[in-house]
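Below you'll find the structure, written out as structure tokens, and then a few comments.
Please read these numbers as outputs of a predicted model, since none were measured by experiment.
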Amino acid sequence: MEERALVETSGNGVNLFAFTSIDRAWKFATLLSESAIIPDTFRNNPASCLIALDMANRMHRNPMED
């Protein structure tokens, strides 16, 4: 399997949320779930964070938008 960078770049800059594998997305969701700045619903819940990241990606939105 080919390894790619977690962060992708485009003409619009860096996209931190463009994952190249489910493993990388899961690692990011796990780290995100440990953050104190996310809503309580997502805290210590990497599965919910992963779903939210996927939904934001499908809607072409930044998951950190309010």
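L50 and F42 sit in two unconnected hydrophobic clusters of ILVMFWY residues. Membership requires side-chain heavy atoms under 4.5 Å apart, directly or through other members.
Rounded to the nearest 0.5 Å, atoms CG (D54) and SG (C49) are 13.0 Å apart. Atom-to-atom distance recorded for W26:CH2 and L31:CG is 11.5 Å, nearest 0.5 angstrom.
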Tell me which donor-acceptor pairs under 3.5 Å the side chains of residues 33-41 have, and how far apart each pair is, sequence neighbours excluded?
from : atom 1 : to  : atom 2 : distance (Å)
S33  : OG     : T30 : O      : 2.7
S35  : OG     : I37 : N      : 3.1
D40  : OD1    : R43 : NH1    : 2.6

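Taking the charged nitrogens against the carboxylate oxygens, D23 and K27 have no contact shorter than 4.0 Å, which rules out a salt bridge.
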